[in-house]
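Beneath this line is the structure, given in structure tokens, with notes to follow.
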Amino acid sequence: MERYDPAAVEARWQEVWQRERVFETANPSPGDDTSRLVYVLEMLPYPSGELHMGHVKNYTMGDVVTLFRRRHGDRVMHPMGYDAFGLNAENVAIKTGRHPADLTRENIAAIRGQMQRMGWSIDWTRELSTAEPDYYHWTQWIFLRLLEAGLAYRQSASVKWCPVDQTVLANEQVIDGRCERCGSEVEARTLEQWFFKITDYADRLLDDLAHVRWPERVVTMQRNWIGRSNGARVMFRVDGDDIELPVFTTRPDTLFGATFFVMAPEHHLATALARGTEHEAAVAEYVAQTAARSEVERAGAREKTGVFTGRHVINPVNDERIPLWVADYVLMEYGTGAIMAVPAHDERDFEAAQAFGLQVRQVIAPRNGEVDESAPFVAHTDDEVLVNSGQFTGMPAHEGSAAIVAWLDERGLGEATVAYRLRDWLLSRQRYWGCPIPVVHCDGCGIVPVPDDQLPVELPHVDDYAPKGRSPLAAAEDWVNVSCPACGGPGRRETDTMDTFVDSSWYYMRYADPRNARAPFDRAAVDAWLPVDQYIGGVEHAILHLMYARFFTKALYDLGYVGFTEPFANLFTQGMIHFKGAKMSKSKGNVITPDPMVAQYGADTVRLYTLFMGPADQDAEWFDGGVAGRYRFLARLWRLVLDSVAESGPGIPPHPGPAGGDPALLRKAHWATDKVTRDIGERFAFNTAQSAIQELVNQVHDSPQADPDTRRFALATAVSLIHPYAPHIACELWSRMGGERLWEAPWPVADPDLLITDTTTYAVQVNGRLRGEVAVDSGTAQESVLAAAREHPNVRAHIDGKQVVKEIVVPDRLVNLVVR
RNA sequence: GCCCGGGUGGCGGAGUGGUAGACGCGGCCGACUUAAAAUCGGCUUCCCCGAAAGGGGAGCGCGAGUUCGAGUCUCGCCCCGGGCACCA
């Protein structure tokens, strides 16, 4: 018999699909029904190397969803591109002595080849690369729109600097005080940098999470990252000076318990206020010491340190004079950089009070009961009341908060406010391989946007692009020196480039209209396809990419360019494939590419295996011993179909299949159809759907005596169900059975009547322990089932001589007899 | 410290409160073969009784609880992975 030859089968069908443009999905024409438009998208790859098994899993999953939905009659757009700019590619280029542009183009060609070999149904007419001028033209255009809207700005600020990558980083790219890319400790530097005003969108980014169907943990991570806290801004006044020092607090109810006041060492008044006191030198030294410590050191040291400034501040609620300290447990970046310290009700303040030898005053107490004064009492529910709090004494905590804020507000001493953990997005980078920021600096005019008709500002080719602490673009004098677009005088181009995350914050919109040379996209096209119906990617992007993309969508919505406010309606985060206990990466040398395995077993087998390893959302350790099993499965299906065709000829019996044949096999086909449809469509349970198809195939294998028509029906069903996973062999076998264009064949529908069996096997338990099984006709009355159960010899042995006190019958499942 | 996941055979993993271990990997035994590969058949959680058929017991990280019945629900722990972390 002809053996299963995946290479030949796969080449043949890929050629057919390409010739017939099966993967291409045109944009709707005006008047088209748009209700069946579906957009399935996987996160685009960085072309810094080849694809590995993690990519294969990701894109196969998207492909299964795509093929599955197409067979349900949806018109699915399934595009692909490359996130081509960025440090990833640039660092590889530096290491290998190649130019990033050349390297990137080569990697893209290699990846495209790998993708085509996998047979993923990608619409190649929509392919894009973020590093090509016809794409980043529009990245720049969007930047300019955000600039006009006041959502992009340049400001001097304390920023995180990576000494190895020689560039600033966004907050989101700093993990535990280290560069997320290279792991080196970041340094604080004050630099003039470009920011996006993502904080303007903090509330909407938070509130709109209620409208997306995303994994709960991703929603939680975003919620925590935005970190909205409701509280109050309260004005303290420096004693003996006309200086106001606002603080942010979430606990206005504890205001009477403030026994000292603390400023961050970076606070602009910290040194100034100590000036002239006997503490001046000590404060200056402490501030200098703190500045010299790295983020990592500072975050690691939990013991409280600080110095008294010699000054005092006045608490607005009781005019009490409390000491003003400087301590590094107060962060300049959050709130106002200064706090009121309430040691009785805050753990950090309590530790500080102990370290500094300061007073602790309890102002919140449980309604009934005492508090252990050796630890801070932080409970904050309606069971606590204010004590030692003047006119507010006796109020429940929440009511007290509101009353104190109202009291402050009336006197202009405070107001209710909200604080966020989220900071503005620092988008400029001092590196070569990124999208140029399209502005010109002019001594006379300041920052001047490059006019739209002069876009794109192309990235110049420079030979020395190694990082050196300022953008390598600064060395390209011919490129840098331009005339000011506003006044015509001498100007200098901005030499920083954009963070790669800017490029990937809108690519999913460009796919809708990828060749548009007049605009980033046509609004009608984008509104027809978006939001993305199913987005699939790694959980490592839970904060960065997904937050930035949401921000871009909302900003573009506000500016009238798109008609939706969330980019990704449904999100599935797939687990990572690890190898040797770590995430696959070129630098760790633990990358498994699909190529050798595809050469040995074919793409269909590899596609099956990446989704068979375990639940798709869980991490998995790569183990290539299991691949052969998937190949054996396909080879068995191959043999069964070819045998069937050889013995009984081609032919695919119509649904619901032949009557009067082998009812068990027919039932199995319908059972598998039902299971696969629900597992893929509702649960993303790609592993168990596959198991169900295998059970069906095994049953065909085990039923050689079944009538030929039922076997053909069962085999056709298996072929049809495996198609989203293994489209090449499915199309081949389908055509050998006499079918055509499987990719357009309607998805099979399980007939509920055929899921029911003639006889039902009941498990019989005595006192919850399994003692036997009885088979009865389906639909047998409970009394008869019970009678049959009591007749079972082994059951009888366990109930004889005892009293049955309770009988439980679970229809179609089991009987439990409770005896005493 | 706080917030999420997860803990089931030798391994990956199935298991709407109802027969735990589907499906696969690996292993063992056998058939076919000069042989191997491929394929096909059987066995494969552990312990005990039995020649066998079969029967009994234990078992899903640990300990309680709810229930006729718990891998699944509740409470308290332990371990692994991830996220956040001096955010006032």
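Note that the coordinates shown come from a computational prediction; the quantities given were computed from them, not determined experimentally. Keep in mind that the numbers below use all heavy atoms, side chains included, and drop hydrogens, waters and symmetry copies. Throughout, protein chains are lettered first and strands after them, A, B, ... in sequence-line order, and every chain is numbered starting at 1.
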*For atom CD of A/Q600 and atom P of B/A38, their distance in whole Å*: 11 Å

*Tell me, please, which residues at least two apart from A/R813 pass side-chain contact (heavy atoms from CB on, under 4.5 Å).*
A/V810

*A/W214 CH2 to B/G83 C1', straight-line distance once rounded to whole Å*: 16 Å

*asked:* Could you tell me how far B/G5 sits from B/G10 if I compare only their C1' atoms? Round to whole Å.
replied: 26 Å

*Which one, B/C86, B/A88, B/A58, comes nearest to the side chain of A/R769?*
B/A58

*For the residue pair A/Y609 and A/W622, categorise the inter-ring angle as parallel (less than 30°), tilted (30 to 60°) or perpendicular (more than 60°).*
perpendicular

*asked:* Without decimals, in angstroms, what is the distance between A/E347 CD and B/C86 P?
replied: 13 Å

*Nearest-Å distance, CG (A/N767) to C1' (B/G56)?*
16 Å

_Could you tell me how far apart A/R423 (CZ) and B/C84 (C1') are, to the nearest whole angstrom?_
13 Å

*Could you run through nucleotides 11-27 of chain B and give me one letter per nucleotide, 5' to 3': B if any protein heavy atom sits under 4.0 Å from the base, S if only the sugar-phosphate is that close, - if neither?*
-BSSSB-BB--BBSSS-

*Using a cut-off of 4.0 Å on non-hydrogen atoms, how would the nucleic acid contact of A/H345 be classed: base, sugar-phosphate, or nothing?*
nothing

*Which whole-number value in Å describes the distance from A/L255 CG to B/A88 C1'?*
13 Å

*Scan A/D346, A/I404, A/I364 and name whichever one has a side chain to side chain contact (heavy atoms under 4.5 Å, CB included) with A/R251.*
A/I364

_With a 4.0 Å cut-off on N to O distance, would you call A/D643 and A/R639 a salt bridge?_
no

*asked:* What is the distance, to the nearest angstrom, from the CG atom on A/N224 to the P atom on B/C4?
replied: 10 Å

*Please state how far atom CD1 in A/I543 lies from atom P in B/G82, giving the value in whole angstrom units.*
15 Å

*With heavy atoms under 4.0 Å as the rule, sort A/H578 into base, sugar-phosphate or nothing.*
nothing

